[in-house]
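Below: one structure, written as structure tokens.
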Amino acid sequence: MDFIIEAVVKAVKDLYQTDVAADAVNLQETRKEFEGQVTIVTFPFTKVSRKGPEQTGTEIGEYLKANVQEIASFNVIKGFLNISIADAYWLSQLNNNILADDFAVVKPNGKKVMVEYSSPNTNKPLHLGHIRNNLLGFSLSEILSAAGYEVVKANLVNDRGIHICKSMLAWQQFGNGETPQSSGLKGDHLAGKYYVWFDKAYKQQITELIEEGQTEEEAKKNAPLIKQAQEMLQKWEAGDEEVISLWKTMNGWVYDGFAETYKALGVSFDKYYYESDTYLLGKDIVEEGLAKGVFFKKDDGSVWIDLTEDGLDQKLVLRADGTSVYITQDLGTAQLKYNDYHMDESIYVVGNEQDYHFKVLFLILEKLGKSWAKGLYHLSYGMVDLPSGKMKSREGTVVDADDLMADMYSTAKEQTDAAGKVEGLSDSEKDALYHTIGMGALKYFLLKVDPKKRLLFDPNESVDFQGHTGPFIQYTHARIKSVLAKAGYKGVAFTSTDALDPVERDLIVSLTKFPETIAEAAKGHSPAVVANYIYEVAKNFNKFYHEKSVNQAETEDLKQFRMQLSAATANVIKRGMKLLGIQVPERM
RNA sequence: GGUCCCGUAGCUCAGUUGGAUAGAGCAACUGCCUUCUAAGCAGUAGGUCUUUGGUUCGAAUCCAAACGGGAUCACCA
């Protein structure tokens with residue numbers, strides 16, 4: 001639409017002898033109730049025209065109509081100049097742009113970006129919150145890739161620490177040698193079972209100690225189980241063979257479990273980092289910071305940074321005993337990642353409960369003078385809440401990822417079978433279809449809302465399959481494929497028609513917005529932008545479909561045109577959904 | 001208490017750098033399947049955009065305050 005902006009600038013210059021900046025021209029979509037596709041707000045020009053908004057609009061409109069070929073007509077309502085662009089323009093958009101092989105294909109921009117997401121703890125299975133994280137990270141990676149970036153998907157696995165030892169200890173004491181094979185339990189669920197077990201037994205010990213007269217604080221420190229877990233952690237750090245062996249075994253189970261969940265989710269990674277490898281990193285950065293005077297040492301030997309001038313607090317970066325804290329590792333890992341890939345941008349997909357941590361982390365790296373610090377970005381997403389409040393693993397109020405996906409599958413199966421549309425499909429085809437639809441519903445449900453906002457999930461209300469949903473869009477795609485099959489669509493050919501019907505024009509207009517939507521989603525780090533756009537496309541198609549027949553088109557030319565338009569729509573839907581990590585079926 | 005985020009229809013959400021009578025979906029109510037897939041289409045009803053003040057031609061959008069909700073302020077990760 002740049003040509004309209006340029007024309008308006010020229011119009012103002014010729015009519016009122018005044019130069020206006022291109023970005024002062026306010027273009028927006030014309031509202032449905034008025035005629036036209038593009039609207040210019042004329043209030044800003046009344047100052048230079050010294051006339052009322054209506055007269056100014058009329059003058060600019062007449063100028064545009066006389067001087068710009070693509071502008072067919074206009075109307076002015078109050079301060080709004082509504083412009084109708086000639087059908088020929090939209091048709092050429094379809095033929096030369098939308099149907100082209102390279103439509104919305106962006107050339108590599110030469111920039112590399114790392115997206116770190118998922119980053120699970122290996123002591124318990126994934127839950128709904130992790131699903132949101134995984135889907136966001138994967139989708140954002142797809143979007144950035146489509147926007148021209150070279151993307152590295154990274155997973156920083158939290159595979160060590162006291163919480164891992166808790167599961168290990170509980171298994172050692174109560175497990176009786178249980179394995180995924182012996183129990184039929186998925187590995188991550190097995191580990192999670194013992195994690196919960198530990199917590200229960202630990203709480204029991206605390207209660208007993210309190211009854212014996214200890215304060216709660218004392219009891220928490222003195223409970224035998226927590227002491228044993230701490231001992232185990234020390235042994236782990238010392239490389240104790242028995243502990244390391246158990247650790248490897250249990251983590252192995254968990255990884256097998258995660259692999260299954262990741263596969264079902266359809267996410268993948270290019271690079272795994274393990275905290276067992278990185279937890280000691282960062283100490284050299286602490287040295288660097290001390291040398292540069294960015295950090296300072298307290299009398300007890302602990303190292304700190306003072307961020308009070310930046311409105312934050314003093315922050316510990318190294319304990320007095322020389323051991324790392326969370327942020328020490330993250331400083332080191334950030335450097336490691338940069339050394340490995342030299343990326344221009346690095347995105348952390350992490351919940352908004354860690355906003356403060358990342359603010360501090362990025363600020364420290366900036367103060368250390370890291371040239372790459374300005375490319376760091378925290379994609380801070382909102383928590384997934386249940387009607388009862390926040391999910392808590394230890395209290396069992398979580399929606400388990402595997403359970404939820406299984407539920408989605410069976411709901412999809414019910415709905416699909418009830419609709420009676422799977423006749424003739426083999427069992428494996430049906431299975432794939434149920435999975436596609438179930439996951440489509442779940443993924444779309446989670447991705448359509450702005451990542452920054454918290455999200456409410458009610459386990460008692462099933463995820464919708466109607467309306468503004470994944471299955472609605474998938475259905476639209478399948479419908480198009482069905483129409484094209486019946487119409488005998490053969491592929492791309494140049495199409496023409498005399499005049500566009502509004503429903504056809506609206507559909508073309510929405511398709512032209514695909515490239516800018518990808519750019520906007522990439523810039524805003526928001527899959528929701530894509531999700532809402534694809535919904536608009538699907539809605540426009542269904543409206544078109546309802547009003548105009550492809551097969552029964554009045555002329556052969558018109559039929560060709562409508563087939564092309566339908567095929568182009570299916571293509572945009574398919575590619576747009578792919579950016580969300582959602583597959584679309586050929587029939588459903 | 002300090003800092004940060006959020007508040008749009010009964011519910012779940014859109015709403016670009018300020019622009020027209022604030023839009024969808026679900027739920028409710030009406031129509032439309034002998035015509036390309038009704039997981040669809042069309043329609044009715046539902047709003048003091050939390051409140052108050054400010055900025056201006058014009059505010060859901062920007063600023064300030066209040067109220068309400070959430071997060072965080074660990075030598076946990």
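Being a predicted model, the structure only gives us computed values, none of them experimental. Below, chain A is the first sequence line, B the second, and so on; all start at residue 1.
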A:Thr469 (side chain) and B:A39 (base): donor-acceptor pair under 3.5 Å: no
To the side chain of A:Val41, which of B:G25, B:U72, B:G19 is closest? B:G19
How would you label the contact of A:Tyr545 with the nucleic acid (heavy atoms, under 4.0 Å): base, sugar-phosphate, or nothing? base
Could you please name the option among B:A38, B:U21, B:C75 that lies closest to any side-chain atom of A:Val325? B:C75
Please work out whether B:C29 sits syn or anti, treating a glycosidic angle within 90° of 0 as syn. anti
Quick one: label A:Gln552 by what it contacts on the DNA or RNA (base, sugar-phosphate, nothing), any heavy atom closer than 4.0 Å. nothing
Base of B:G40 and ring of A:Phe472 stacked, centres under 5.5 Å, planes under 30°: no
Per atom distances to the A:Asn532 side chain, the nearest of B:A14, B:U12, B:U16 is B:A14
Using the C1' atom in both, what is the distance from B:A64 to B:U21, to the nearest Å? 30 Å
Backbone N/O of A:Phe472 and side chain of A:Thr469: donor-acceptor pair under 3.5 Å: yes
Mind checking if A:Met588 touches a base, just sugar-phosphate, or nothing, with heavy atoms under 4.0 Å? base
Short N-O contact, A:Asp501 and A:Lys548, less than 4.0 angstrom: yes
Give me the distance, rounded to whole Å, that separates B:U61 from B:U55 when you measure between the C1' atoms they each carry. 14 Å
Residue A:Tyr535, side-chain atoms from C-beta onward, closest of B:G25, B:A39, B:G40: B:G25
Report the residue (A:Lys543 or A:Lys453) whose heavy-atom-nearest nucleotide on RNA chain B is the more 5′ of the two. A:Lys453
Between A:Thr476 and A:Leu27, just flag the one whose closest nucleotide in RNA chain B comes earlier from the 5' side. A:Leu27
Tell me whether A:Phe34 and B:A20 count as stacked here, given that the ring centres must be under 5.5 Å apart and the planes must differ by less than 30 degrees. yes
Among B:C41, B:C75, B:A39, the one nearest any side-chain atom of A:Tyr475 is B:A39
Under 3.5 Å donor-acceptor pair, A:Asn82 side-chain atoms to B:A20 base atoms: yes
What orientation do A:Tyr535 and A:His468 show, parallel under 30°, tilted 30 to 60°, or perpendicular over 60°? parallel
Select one nucleotide: of B:U37, B:A20, B:C41, the one nearest the side-chain heavy atoms of A:Ala478. B:U37
Under 4.0 Å from OP1 or OP2 of B:G70: is there any side-chain N or O of A:Arg454 that close? no
Between B:G19 and B:A60 - C1' atom distance, rounded Å: 13 Å
Is there a side-chain contact between A:Tyr326 and A:His357 (heavy atoms, below 4.5 Å)? yes
Heavy atoms only, 4.0 Å cut-off, all strands: where does A:Val550 land among base, sugar-phosphate and nothing? base
Please give the distance between the C1' atoms of B:A59 and B:U37 as a whole number of Å. 45 Å
Record whether the side chain of A:Thr416 comes under 3.5 Å of the base of B:A39 through a donor-acceptor pair of N or O atoms. yes
Need one value for A:Lys78: base, sugar-phosphate or nothing, where a base atom within 4.0 Å counts as base even if backbone is also close, heavy atoms only. sugar-phosphate
Between B:A38, B:G19, B:A20, spot the one nearest the side chain of A:Asn26, thanks. B:G19
Taking B:C36, B:C13, B:A39 as options, the one with an atom nearest any side-chain atom of A:Leu455 is B:C13
d(CG, A:Leu446; C1', B:G25) in whole Å: 16 Å
Taking the C1' atom of each, how far is B:A66 from B:U30, in whole Å? 45 Å
Near-ring test A:Phe45/A:Tyr16, centroid separation under 6.0 angstrom: no
Using only modelled atom types and a 3.5 angstrom limit, is any donor from either the side chain of A:Asn352 or the base of B:C6 paired with an acceptor on the other? no
Could you check whether A:Lys513 gets within reach of a base, just the sugar-phosphate, or nothing at all, counting any heavy atom under 4.0 Å? nothing
On the nucleotide B:C41, are OP1 or OP2 found under 4.0 Å from the side-chain N or O atoms that A:Lys539 carries? no
Could you check whether A:Asp300 gets within reach of a base, just the sugar-phosphate, or nothing at all, counting any heavy atom under 4.0 Å? base
What about A:His525 and A:Tyr377, are their ring centers closer than 6.0 Å? yes
So what does A:Thr323 hit on the nucleic acid, given a heavy-atom distance under 4.0 Å: a base, only sugar-phosphate, or nothing? nothing
Which nucleotide in the set B:C75, B:U16, B:G40 lies at the smallest distance from any side-chain heavy atom of A:Arg319? B:C75
Can you check whether A:Phe80 stacks with the B:A20 base, using ring centres under 5.5 Å and planes within 30°? yes
Kindly say whether the aromatic ring centers of A:Phe198 and A:Tyr195 come within a distance under 6.0 Å. no
What nucleic acid atoms does A:Tyr356 come within less than 4.0 Å of, heavy atoms only: base, sugar-phosphate, or nothing? sugar-phosphate
The nucleotide from B:A39, B:A77, B:C41 with an atom nearest the side chain of A:Gln354 is B:A77
Which value, in whole Å, describes the distance between the C1' atoms of nucleotides B:G25 and B:G43? 16 Å
Once the angle between the rings of A:Phe445 and A:Phe457 is folded into 0 to 90°, is it parallel (under 30°), tilted (30 to 60°) or perpendicular (over 60°)? perpendicular
Between A:Arg479 and B:A38, does any side-chain N or O lie under 4.0 Å from OP1 or OP2? yes
